[in-house]
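Right, one structure below, let's go through it.
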Number of protein chains: 2
Amino acid sequence: MNRLTIKDIAAHFNVSISTVSKALNDSYEISKSTKLKIQEYAKEHNYKPNFNALSLKKRQTKTIGVIIPNMLNYFFAQVFKGVEKEANKSGYKVITCISNESFDKEVETIEMLSNGSIDGFLLSIAEQTEEQNNFVHLTKTLEQGLPIVMFDRVAKDVDCDKVITNDFEGAINAVDHLAKTGCKHIAFISTQSHLKSGKERELGYLEGLKKRNMEINPNLVIHIFEEDYKQYERILLPYFEENHIDSVITTDESSAIAAMKIAQRKGHTVPDDFSVISFSNGIIARHSSPKLTTVSQHGEIMGETAAKMLIDKIENKNTSEASVTKVIQTDLVERNSTRI
Amino acid sequence: MNRLTIKDIAAHFNVSISTVSKALNDSYEISKSTKLKIQEYAKEHNYKPNFNALSLKKRQTKTIGVIIPNMLNYFFAQVFKGVEKEANKSGYKVITCISNESFDKEVETIEMLSNGSIDGFLLSIAEQTEEQNNFVHLTKTLEQGLPIVMFDRVAKDVDCDKVITNDFEGAINAVDHLAKTGCKHIAFISTQSHLKSGKERELGYLEGLKKRNMEINPNLVIHIFEEDYKQYERILLPYFEENHIDSVITTDESSAIAAMKIAQRKGHTVPDDFSVISFSNGIIARHSSPKLTTVSQHGEIMGETAAKMLIDKIENKNTSEASVTKVIQTDLVERNSTRI
DNA sequence: ATGAAAGCGCTAACAT
DNA sequence: ATGTTAGCGCTTTCAT
């Protein structure tokens, strides 16, 4: 039950394997008639050139490796969808690994795939990696000549192509929208202690307030641990008791929901006298009541963009231009947790 | 900047490549001393055997292909997590493709990977494939000797290993739980017209009622189109007006949310005088208010199980036993949309 | 204990 | 227009 090879075809027609090879590649060296009969035979018998032989010979695999911190995260699932689509469009396969936010897993995965399995990496670094600020595994693979394109969670000091979200401006826009619709006391809730995107959003929040000459109250900047998601409400409650808050921007949907519930329990009506905007335009936002206004990060587009950049890099190995980083703008998706 | 090969190592020590190969594989034929120096040198210089050469020689790639209908679906993302974990544990890579519920994409993907890229398939069939009931692409690849393990969405007539959820019993248990907590008029809302799991759940629902000698009212079995998810409430409303319904079992979270909202709008309090149980224990269930009681399908375990079965199959090519299908039991996760 | 050689399936430079 | 050959990086049988 072994696969058909060019050797088999050659034997069947009593020609040499190179004739078969050339015929299948439609070489001008081969006569029309033999090309035709060989191609037909190949098609009929469902011949497929052996992937590993091809890769070995051509020194390229037409596959890329993607390392994603967490596939249960809707945003990353969207990114992956974009990657898969774009890769397939260019005839690339994608080997997918989940780092589970673990530095070790990230390193192991890179090790495992740096043996000729793939032509390049797409990578969003694990939270632990960002925390430890250790990127030698990345610089080493770049030195080996394996291109990397980072997306979303990016190591500033590693010199490679990148695709990021404009978190800073996304937050400014969120503040703007709240201010425009009459909010005066905007709190900021962040669950992303170690991630740069969390900091960018916080800076954007502050910048947004500054731009509008609104009071900056440090008590309204709240950091909570993601691990505590079951107790968000309990953790947030005191902040709402001790401060006058009429609106909130959160870095994730869960805490937006929690904040909304607290506000409601305290007698507020969302959005009439309390507004909320959440980063991460996921599924939750569409199913809460009221539905959440969110800052959308366009995960799928980010995935497509990153994949395209990587494939371009792979296929123009020669031209070693400087690294570029593309910025994906955010959109404010207005739903029912903010006023018009 | 080319990778180090055994040839390079051989040259460096002035020995033959076969000596190097044997040394690296710790062969008894090679003297301790040379083994040591070669292994050390290899480690120091970060030698990694070329993946494609190895695969070509050994006729196996240590990679599996996974075809998933939709990665934005939380359940499938969970399955994938399980697959990736289990595969990595056994040293396998995983090439992931999304069929987007399209028959054509499914066929193309299988074509693309049936060239020696992978040692076997993990597959949940696309909705379109289930609809068309056309599985020749699957039987053909099985005939070629490439093993397939199907998970969740499974083709009954294709002879291969399978992992499925016990949807039938899951639904019976849901009915049971509602009945036990005092519900008398249980409706069933299904969005899965073409999927067998939807039918299984419906049969389980009916069986559950029968078992408890509860009245079966065909008007309480409601089919809606998934595409209409933005209008679930509008579509469901008439059913609630025209029938006396005190509880509902849904095949997905979105329609559970919709049903709950309608019930609340009609003056009911969930769970006091209206209960809801949803299939698919996803993110939404944990964030609605009240939180949804669900039938959990253990996606991650399903993924692990399927991967393990496939790898076992791959590594015991000789023993051609009959196909087995494993059934993963469901659990009722009680939250706040049902009474105690 | 070490090496030579064939071969995995394919391409491509170089004959003929 | 077709064939021969070397080689991609590795393993393995069979010398030595």
Side-chain angles (χ1 to χ4, degrees), chain A residues 1-39 41-42 45-63 113-119 144-145 317, chain B residues 1-39 41-42 45-63 113-119 144-145 317:
Chain A
M1 196 54 56
N2 270 332
R3 307 196 57 70
L4 192 67
T5 71
I6 49 172
K7 204 167 158 186
D8 301 328
I9 304 183
H12 178 260
F13 286 112
N14 229 312
V15 295
S16 76
I17 58 164
S18 65
T19 301
V20 175
S21 172
K22 289 170 183 166
L24 291 173
N25 289 302
D26 218 22
S27 159
Y28 67 95
E29 295 181 79
I30 305 297
S31 74
K32 277 241 158 71
S33 59
T34 55
K35 275 206 281 198
L36 209 74
K37 73 180 181 193
I38 288 180
Q39 288 171 0
Y41 183 85
H45 292 73
N46 196 27
Y47 167 78
K48 296 218 197 66
N50 180 288
F51 166 76
N52 292 114
L54 230 59
S55 300
L56 182 58
K57 184 75 194 171
K58 300 213 168 159
R59 289 135 173 288
Q60 55 146 332
T61 62
K62 282 274 194 177
T63 112
L113 295 180
S114 298
N115 61 356
S117 297
I118 58 166
D119 298 339
Q144 276 178 47
K317 270 267 168 52
Chain B
M1 195 55 53
N2 269 331
R3 307 197 55 70
L4 191 68
T5 70
I6 50 172
K7 206 168 160 185
D8 301 327
I9 303 183
H12 178 260
F13 286 112
N14 231 308
V15 296
S16 75
I17 58 163
S18 61
T19 300
V20 175
S21 173
K22 286 170 184 167
L24 291 173
N25 289 302
D26 218 22
S27 161
Y28 67 96
E29 296 181 77
I30 307 296
S31 74
K32 276 237 158 74
S33 60
T34 54
K35 274 205 282 198
L36 209 73
K37 72 179 181 192
I38 287 180
Q39 287 170 2
Y41 183 86
H45 292 73
N46 195 25
Y47 167 78
K48 297 217 196 68
N50 179 288
F51 166 77
N52 292 114
L54 230 58
S55 299
L56 183 57
K57 185 73 195 176
K58 299 214 169 159
R59 289 137 173 286
Q60 54 146 330
T61 61
K62 282 272 195 179
T63 112
L113 295 181
S114 297
N115 61 355
S117 298
I118 59 166
D119 298 338
Q144 276 178 47
K317 269 267 167 49

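First the proteins, then the strands, lettered A, B, ... as listed; each starts at 1.
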Reckon B:Tyr47 has a side-chain N or O less than 4.0 Å from the OP1 or OP2 of D:dG9? no

Separation of A:Lys35 atom NZ from D:dA1 atom C1', in whole Å? 11 Å

Measure from CZ on B:Arg59 to P on C:dG7 and round the result to the nearest Å. 13 Å

Students often get this wrong, so: under 4.0 angstrom with heavy atoms, is A:Ile6 touching a base, only sugar-phosphate, or nothing? base

Do the rings of A:Tyr41 and A:His12 sit parallel, tilted or perpendicular, given the 30° and 60° boundaries? parallel

Could you grab the distance from atom CG of A:Asn14 to atom OG1 of A:Thr19, nearest 0.5 Å is fine? 11.0 Å

N/O donor-acceptor pair under 3.5 Å between B:Ser55 side chain and B:Phe51 backbone: yes

Is a side-chain N or O of A:Lys35 found less than 3.5 angstrom from the main chain of A:Ser27, in a donor-acceptor match? yes

Spacing of A:Asp8 atom CG relative to C:dC10 atom P, expressed in whole Å: 9 Å

Which atoms of nucleotides 12-15 of chain C (N or O only) lie under 3.5 Å from a protein N or O atom, and what are those distances?
residue	atom	partner	partner atom	Å
C:dA13	N6	A:Lys22	NZ	3.4

Tell me: CZ of A:Phe51 to P of D:dC8, nearest whole Å? 19 Å

Give one of base, sugar-phosphate or nothing for A:Phe13, where a contact means two heavy atoms less than 4.0 Å apart. nothing

Side chain of A:Ser16 only, please: which of C:dG9, D:dA1, D:dT4 is the nearest? D:dT4

Verify the neighbour count for atom NZ of A:Lys37: are there more than 12 heavy atoms of other residues, nucleotides or ligands below 6.0 Å? yes

Does A:Ser27 or B:Thr5 map to a spot on DNA chain D nearer the 5' end, using the closest nucleotide for each? A:Ser27

Judged by atom type as modelled, is there a donor-acceptor pair below 3.5 Å linking the side chain of A:Gln144 to the main-chain atoms of B:Arg3? no

Have a look at B:Thr34 and say if it touches a base, only the backbone sugar-phosphate, or nothing, with a 4.0 Å heavy-atom cut-off. sugar-phosphate

Measure the CG-OG1 distance between A:Asn52 and A:Thr61 for me, rounded to the nearest 0.5 Å. 10.0 Å

In whole angstrom, what separates B:Ile38's CD1 from D:dC10's P? 13 Å

Rounded distance in Å - NZ (B:Lys7) to P (D:dC10): 10 Å

With a cut-off of less than 4.0 Å, is there a side-chain N or O of B:Tyr28 near OP1 or OP2 of C:dT2? no

Within this structure, what is the CG-to-C1' distance between A:Asn52 and C:dC10, rounded to whole angstrom? 11 Å

Between C:dA4 (P) and B:Asn14 (CG): distance, integer Å: 11 Å

